[in-house]
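Encoded as structure tokens, the structure appears first; notes follow it.
Letters A, B, ... are given to chains in the order of the sequence lines, protein chains preceding strands, and every chain is numbered from 1.
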2 protein chains.
Amino acid sequence: MAEESNKLQELSIDCVIFGFEDHQLKILLYQRAIEPEMDQWALPGGFIKIDEDLDRSASRILKEVTGVNNIYMQQINAFGAVNRYPQKRVITIGFYALINPGNYNIVPGVGAKAAQWFDIAQIPVLSFDHNEIYLYALNILRKKVRYEPIGFELLPEKFTLTLIQRLYEAVLGIEFDVRNFRKKLLKMNLLIKLPEKQEGVAHRAANLYKFDKKIYNELKGKGFMFDL
Amino acid sequence: MAEESNKLQELSIDCVIFGFEDHQLKILLYQRAIEPEMDQWALPGGFIKIDEDLDRSASRILKEVTGVNNIYMQQINAFGAVNRYPQKRVITIGFYALINPGNYNIVPGVGAKAAQWFDIAQIPVLSFDHNEIYLYALNILRKKVRYEPIGFELLPEKFTLTLIQRLYEAVLGIEFDVRNFRKKLLKMNLLIKLPEKQEGVAHRAANLYKFDKKIYNELKGKGFMFDL
DNA sequence: TCAAAAGTGTTTGCAATACACCCATGC
DNA sequence: GCATGGGTGTATTGCAAACACTTTTGA
């Protein structure tokens with residue numbers, strides 16, 4: 001820090017929360033109840049408090065705006081174009097997270113008229129530079145998915161092989177061969193086959209699996225190439 | 001942005017500049033000429049101006065502190081622990097870059113008593129949380145190197161296959177088999193064999209190569225797995 | 001002629017790909 | 001019994017890994 005700043009600026013956080021539901025990848029948006037950009041859909045966000053670490057700030061903001069609590073978010077990038085926010089200079093730090101929508105109750109909170117999940121195929125025009133932030137996050141997710149396991153956070157505890165295949169297909173926007181996908185996935189030893197099957201489906205019931213948390217975490221560190 | 005902030009905070013930028021020289025990976029540090037932490041070695045950094053985009057700010061700061069001009073830096077992460085900086089709350093955005101030290105003239109500038117390259121095996125204790133920022137950057141570099149080509153920015157225009165192997169070895173801290181390394185590298189079509197050889201070496205002169213910029217950029221986008 | 005680094009090929013095993021049919025269940 | 005998705009195996013091909021000797025050059 002070689003020089004003193006001549007003016008102060010403000011710092012905010014915006015959250016891109018991904019969820020997987022109905023075989024579709026979604027993000028969580030809220031509708032602004034205050035100016036600027038009243039009524040627009042936007043990423044859940046807010047200002048950082050002066051006595052608050054970044055991660056805690058992100059969690060608080062997400063909770064306040066959408067009611068979603070207690071999730072692990074990861075920083076992705078700072079966005080600081082001079083005019084990205086009207087009237088004053090606001091630099092924002094983007095965070096993202098993966099969650100299973102079924103586990104959370106969405107309740108619009110501070111400054112929000114509404115909050116809901118949007119299919120990534122139908123994201124509206126968002127406030128400020130939020131479309132850019134969202135696209136950046138999606139890009140990160142698409143890269144990440146090829147180098148380390150995802151799914152633990154997005155899927156229910158017990159799931160079928162078809163569901164995890166649909167997840168990968170939804171994230172990457174491509175389709176996989178059933179047999180090769182399963183071979184590759186099972187070879188990692190990432191999944192544990194449960195002695196349980198689906199219930200109440202109008203066709204042959206699929207076997208349920210869960211993640212082997214230990215191997216999952218190992219692969220997070222080490223990385224792999226998911227090439228399908 | 002659902003809520004107004006109650007207090008303003010300051011924002012800085014810190015740069016982790018990697019270079020490759022004498023078969024070693026290095027980073028560029030400067031010695032602080034002002035308080036706080038006078039005389040300590042630190043990452044080149046400074047405060048963001050209110051009318052300045054982040055990238056431009058990073059370039060300006062690097063230039064002012066070390067004399068290094070006109071390089072492309074990439075954002076890596078924001079660091080915002082409440083007490084990371086003494087006296088006041090300062091959140092900093094880390095940037096990193098890869099350059100060939102031979103192409104730049106280091107001249108300690110604003111607030112710097114000295115500026116020089118340090119082998120990554122001998123990084124001193126740095127100011128504030130700069131060791132953490134540096135390690136974060138090193139980690140990113142080590143991941144990146146496995147998924148996309150590096151070297152263009154770090155190596156001289158013409159180089160030997162052995163030199164690029166040494167670069168990968170220095171970055172990753174492991175050794176590769178000569179034959180397999182060359183096979184893999186050449187198979188990418190990334191390198192163009194020049195009709196020139198090393199000169200003035202006391203052993204068999206090695207062939208020189210350069211990057212095929214077009215394929216280099218393609219691979220940057222697409223990614224690959226460097227598994228050796 | 002010696003020292004120092006450059007340069008080169010083969011074998012083996014595993015993983016990626018492409019591809020089609022039978023199975024279990026509920027209605 | 002039919003519609004719906006579940007579940008499985010093989011043949012081919014290419015890449016990764018392991019491994020040691022000869023060549024060139026300058027001093």
For this session: Take atom NZ of A/Lys184 and atom P of D/dG7, then tell me their distance rounded to the nearest Å.
Result: 21 Å
Problem set entry | For atom NE2 of A/His23 and atom C1' of D/dT4, their distance in whole Å | 13 Å
Problem set entry | B/Lys220-B/Asn217 side chain donor-acceptor pair, cut-off 3.5 Å | no
Exercise. Roughly how many Å is it from CZ in A/Phe176 to P in C/dA16, rounded to a whole number?
Worked result: 13 Å
Seminar exercise, completed: Here the distance between atom P of D/dT8 and atom CG of A/Asn207, to the nearest Å, is 8 Å
For this session: Report yes if the distance between the aromatic ring centroids of B/Phe128 and B/Phe79 is under 6.0 Å, otherwise no.
Result: no
Problem set entry | Distance-only side-chain donor-acceptor flag, A/Tyr30 / A/Arg32, under 3.5 Å | yes
Exercise. Less than 4.5 Å apart, any side-chain heavy atom of B/Asn207 and any of B/Leu161?
Worked result: no
Problem set entry | Polar side-chain contact A/Asn180-C/dA18 base: donor and acceptor under 3.5 Å | yes
Problem set entry | Length of the line joining B/Ile164:CD1 and C/dA6:P, which is rounded to integer Å | 14 Å
Exercise. B/Glu175 has an atom CD; how far is it from atom P of D/dA18, in whole Å?
Worked result: 14 Å
Exercise. How would you label the contact of A/Thr162 with the nucleic acid (heavy atoms, under 4.0 Å): base, sugar-phosphate, or nothing?
Worked result: sugar-phosphate
Exercise. Given C/dA6, D/dT8, D/dA27, which nucleotide is nearest the side-chain atoms of A/Arg182?
Worked result: D/dT8
Exercise. Touch check for A/Lys187, heavy atoms < 4.0 angstrom, all strands: base, sugar-phosphate only, or nothing?
Worked result: sugar-phosphate
Exercise. Between the base of D/dT23 and the side chain of B/Lys197, is there any donor-acceptor pair under 3.5 Å?
Worked result: no
For this session: Would you state whether a donor and an acceptor, one from the side chain of A/Arg179 and one from the base of C/dA20, lie under 3.5 Å apart?
Result: yes
For this session: Let me know the distance between CG of A/Asp177 and P of C/dA16, rounded to the nearest Å.
Result: 13 Å
Problem set entry | Residue whose closest nucleotide on DNA chain D lies nearer the 5' end, A/Lys183 versus A/Ala206 | A/Ala206
Exercise. Starting at CZ of A/Arg204 and ending at P of C/dT25, how long is that distance when rounded to a whole Å?
Worked result: 8 Å
